[in-house]
Amino acid sequence: MIDRSYLLSSAHLLRQLLELQVGMRRDAEELMRTAMIKLDEATLRVSASEKALGAVESRLADLVPPQHGGQDELFSTSPEHGSRTAKTTVAEVVRSFLADREEATAGEIVAHVQERRPDTPPGNVHAELSRLKKKGAVIRKRPGVYTIARNQDGEGT
């Protein structure tokens, strides 16, 4: 008799535990659905922001031409010699980075340029990408993703 009542009590407790766990799983599934909706919305906002930024930077590049040839005439002062030495341009860093890969995101390009030229603000990199795109030196495959324009031999231009 004791075994039977013990087993009935255990079964009852296990049923309650199961109901609790099923409820917790349902709650977790609902949280996941909500998170996925928020992720989709955030992804759409990021895409729209990238498109808007690209359009504004492209328009800005049309309205404000670079001074004295722009990125191709950058100089820095060498601390050892106090003399002016030619600095690798943002355009050169971008072209070199894209030449080594199939494609890269704007964020990857900005990070690479800032590794090579820590004084370069992200906005300057985006502006340079717009100029290079306009010149036909880089191609925007989709919003925020770029590749180097290649000639018929498959080499970067």
Side-chain angles (χ1 to χ4, degrees), residues 1-64 66 70-71 74 76 87-157:
M1 188 67 148
I2 292 178
D3 287 336
R4 184 173 186 268
S5 79
Y6 175 76
L7 290 174
L8 285 173
S9 175
S10 295
H12 178 71
L13 290 173
L14 287 171
R15 234 180 255 108
Q16 287 177 333
L17 181 61
L18 176 62
E19 287 174 15
L20 178 67
Q21 295 297 326
V22 167
M24 290 174 67
R25 183 181 70 191
R26 243 184 270 130
D27 292 346
E29 287 171 346
E30 182 59 33
L31 287 172
M32 285 295 294
R33 275 191 292 276
T34 302
M36 291 304 293
I37 290 169
K38 287 181 179 181
L39 175 63
D40 289 343
E41 290 170 352
T43 301
L44 287 173
R45 284 192 301 273
V46 165
S47 178
S49 294
E50 286 176 338
K51 285 179 186 178
L53 177 62
V56 168
E57 287 176 338
S58 178
R59 182 73 176 129
L60 182 61
D62 291 344
L63 296 174
V64 182
Q71 293 292 331
L74 292 179
S76 67
K87 194 176 194 180
T88 305
T89 67
V90 172
E92 291 168 339
V93 175
V94 169
R95 284 188 197 116
S96 170
F97 182 68
L98 288 173
D100 296 339
R101 44 197 49 71
E102 184 101 3
E103 65 182 30
T105 66
E108 292 169 333
I109 296 167
V110 168
H112 179 76
V113 169
Q114 288 184 321
E115 279 179 18
R116 302 287 185 266
R117 295 177 44 112
D119 60 323
T120 305
N124 289 11
V125 179
H126 288 288
E128 190 59 37
L129 278 170
S130 292
R131 280 192 284 278
L132 290 169
K133 185 180 110 188
K134 192 171 187 171
K135 286 182 184 179
V138 300
I139 298 167
R140 190 173 78 178
K141 293 177 85 172
R142 57 188 177 277
V145 179
Y146 296 86
T147 188
I148 191 90
R150 302 194 184 277
N151 60 21
Q152 291 179 350
D153 298 330
E155 296 181 15
T157 58

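Remember, predicted model here, so these are calculated numbers, not experimental data.
Rounded to the nearest 0.5 angstrom, Glu50 CD and Arg45 CZ are separated by 13.5 Å. How far CZ of Arg140 is from CG of Leu132: 14.0 Å, rounded to the nearest 0.5 Å. Going from atom OG of Ser9 over to atom CG of Leu14 covers 9.5 Å, rounded to the nearest 0.5 Å. Put simply, CG on Leu13 and CG on Leu18 are 12.5 Å apart, with the number rounded to the nearest 0.5 Å.
Glu102 CD: 12 or fewer foreign heavy atoms inside a 6.0 Å radius. The 12-atom threshold is exceeded at NZ of Lys141, counting heavy atoms of other residues, nucleotides or ligands nearer than 6.0 Å.
Contact check for Arg142 versus Lys51: no side-chain heavy atoms found under the 4.5 Å cut-off. In this structure the side chain of Ser130 never reaches within 4.5 angstrom of the side chain of His126, judged on heavy atoms. Side-chain atoms of Leu98 and Val138, non-hydrogen and from C-beta on, do get closer than 4.5 Å to each other. Using a 4.5 Å heavy-atom threshold, the side chains of Thr105 and Glu108 count as touching. Annotation: side chain of Tyr146 is not in contact with side chain of Ile139 (no heavy-atom distance under 4.5 Å). In this structure the side chain of His12 never reaches within 4.5 angstrom of the side chain of Leu8, judged on heavy atoms.
Here the side chain of Arg95 pairs no donor or acceptor atom with the backbone of Ile148 at under 3.5 angstrom. Put simply, the side chain of Thr43 gets close to the backbone of Leu39: a donor and an acceptor are under 3.5 Å apart.
The cationic group of Arg101 lies under 6.0 Å from the six-membered ring centre of Phe97 and within 45° of the ring axis, placing it in a cation-pi geometry.
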Quick one: side chains of residues 29-37, donor-acceptor pairs under 3.5 Å with protein atoms, not counting sequence neighbours, listed by atom name and distance.
{"residue": "Glu30", "atom": "OE1", "partner": "Arg33", "partner atom": "NE", "Å": "3.3"}
{"residue": "Glu30", "atom": "OE1", "partner": "Arg33", "partner atom": "NH2", "Å": "2.9"}
{"residue": "Thr34", "atom": "OG1", "partner": "Glu30", "partner atom": "O", "Å": "3.0"}

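Only one option out of Arg116, Glu115, Gln114, Glu128 pairs with Val93 in a side-chain contact (heavy atoms from CB on, under 4.5 Å); it is Arg116. Under the side-chain contact (heavy atoms from CB on, under 4.5 Å) rule, Glu92 has a single partner from Val94, Thr89, Val90, which is Thr89.
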